[in-house]
Amino acid sequence: MPELPEVETVRAGLAPELVGRSIRALAITDFPGVIGTGTIEETSARIVDRSIADVARRGKFLMIVLDDGDGIVVHLRMTGVLTLDESSAPPPRFLRLSALLDDGRELRFADQRKFGRFVAASSQELSDLDGRLGPEPFGPNFTPDYLLTRLRGRRAPVKALLLDQGIVAGLGNIYVDEALFLARIHPMTSGGSLTPAQVSELHSTIVSVLHSGIARRGVSFSSFRDVYGNSGENQQHLVVYGRGGRGLPCLVCGEPVQRIVIGNRGTSFCPACQPFGQT
DNA sequence: ACACTGCCCTGCGAGC
DNA sequence: TGCTCGCAGGGCAGTG
């Protein structure tokens, strides 16, 4: 389940390889799913033979920006994997799309569960997407005050609000559970009931879990790989995610980690370290 | 505006 | 052994 650190790992791997290159041809093996609503011809016409100017990331979206300002929006969703391979290399399982590059290599998009997308986008569409998303967690606009303002008056569980990409971009189920645990906040706590001190602590743990995730090249539970097929190692450092409902103890206090469902997401938390109703 | 639900999709592991 | 079923969940559409 790629979140900001995983997508950033992919971006950092792709950027030095792709900038200045161009895509010669597209081969789509999961049509229309992977490219959204457009036709193959349409999508190819917008992408092929344009020089790649930048590989950017916004939240969990990867944006391959072309020299005319248009681009490609890639979302890995749950199981998407982007790799850079020699064309002679055997295709990966679950291959959905491959883009032949002008140096003979292929940018390949594999996706077991077909949730991922690789979609041509105009500069206007790139800009619209940017506008729908909240600030980048590492950017200047994501401050404790900003987070406090966005949570104020909200009755939904703080966990659900942190998953809202319009509030802050890039968090997913793993890093939200980790950040709430480190801030000692129960995931069901309504956003508006958090004290400024709690929000400030939460802001700090969000930034910190994402930094650690990037430093360890992401979490590879099952499918996630970087562009060369290498696993990340952050799964070895998670303290609460995935431990709930299996009788596993909290790594801090030893109490069994619990599992509940919030917003249709499995949620792990420690009832002792993250007591409900404390402000 | 906000809160919440269901849908998409398939491999895997648990249980019988 | 072989089947069924629940689970993993990001983003978006739809409902109230």
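Letters go in sequence order (proteins before strands), and every chain restarts at 1. If you're wondering where the values come from, they're calculated on a predicted model, not measured in any experiment.
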Closest approach to the side chain of [X], judged atom by atom: which nucleotide of [options] is it?
X	options	result
Pro157(A)	dC9(B), dG11(C), dC4(B)	dC4(B)
Gln112(A)	dA3(B), dG11(B), dG10(C)	dG11(B)
Ala156(A)	dC12(B), dG10(C), dC4(B)	dC4(B)
Arg113(A)	dG11(C), dG11(B), dC9(B)	dC9(B)
His75(A)	dG11(B), dC7(C), dG10(C)	dG10(C)
Arg132(A)	dG10(C), dC12(C), dG11(B)	dC12(C)
Arg77(A)	dC2(B), dG11(C), dT5(B)	dG11(C)
Arg265(A)	dT10(B), dG10(C), dA3(B)	dG10(C)

Is there a donor on the side chain of Asn264(A) or the base of dG6(B) sitting less than 3.5 Å from an acceptor on the other?
->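 Result: at least one qualifying N/O pair found.
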Side chain of Gln112(A), backbone of Phe94(A): donor and acceptor closer than 3.5 Å?
->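 No: the side chain of Gln112(A) does not pair with the backbone of Phe94(A).
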Apply the side chain to side chain donor-acceptor pair (under 3.5 Å) test between Arg50(A) and each candidate in Asp67(A), Asp68(A), Asp70(A); give the one that qualifies.
->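 Only one option passes, and that is Asp68(A).
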In whole angstrom, give the distance that lies between atom [atom1] of [X] and atom [atom2] of [N].
X	N	atom1	atom2	result
Arg58(A)	dG10(C)	CZ	P	18 Å
Ile167(A)	dG10(C)	CD1	C1'	15 Å
Asp111(A)	dG10(C)	CG	P	14 Å
Leu151(A)	dA3(B)	CG	P	11 Å
Asp164(A)	dG11(C)	CG	C1'	11 Å
Asn173(A)	dG10(C)	CG	P	5 Å
Phe109(A)	dC9(B)	CZ	C1'	13 Å
Leu163(A)	dC4(B)	CG	C1'	14 Å

Pick the nucleotide of DNA chain B nearest each of Lys114(A) and Arg150(A); which residue has the one closer to the 5' end?
->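 Final value for this comparison: Arg150(A).
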Side-chain donor-acceptor contact under 3.5 Å, Thr79(A) with Asp111(A) |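 Distance-only check passes for Thr79(A) and Asp111(A).
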Should Arg152(A) be listed as having a side-chain N or O under 4.0 Å from OP1 or OP2 of dA1(B)?
->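 False: Arg152(A) side-chain N/O out of range (4.0 Å or more) of dA1(B) OP1/OP2.
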Do any side-chain nitrogens or oxygens of Gln165(A) fall under 4.0 Å of OP1 or OP2 in dG10(C)?
->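 Looking at the OP1 and OP2 atoms of dG10(C), neither is under 4.0 Å from any side-chain N or O of Gln165(A).
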Considering all heavy atoms, the nearest Pro92(A)-Arg108(A) contact |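 Shortest heavy-atom contact: CD-CD, 4.0 Å.
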Determine the contact category for Arg96(A): base if any of its heavy atoms lies under 4.0 Å from a base atom, sugar-phosphate if only primed atoms, P, OP1 or OP2 are that close, otherwise nothing.
->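 It contacts nothing in the nucleic acid.
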Under 30°, 30 to 60°, or over 60°: which ring-plane class applies to Phe138(A) and His211(A), parallel, tilted or perpendicular?
->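 If you compare the ring of Phe138(A) with that of His211(A), the planes turn out parallel.
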Taking only Lys NZ, Arg NE, NH1 and NH2, and the carboxylate oxygens of Asp or Glu, determine whether Glu233(A) and Arg217(A) approach each other closer than 4.0 Å.
->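 So Glu233(A) does not pair with Arg217(A) through a salt bridge.
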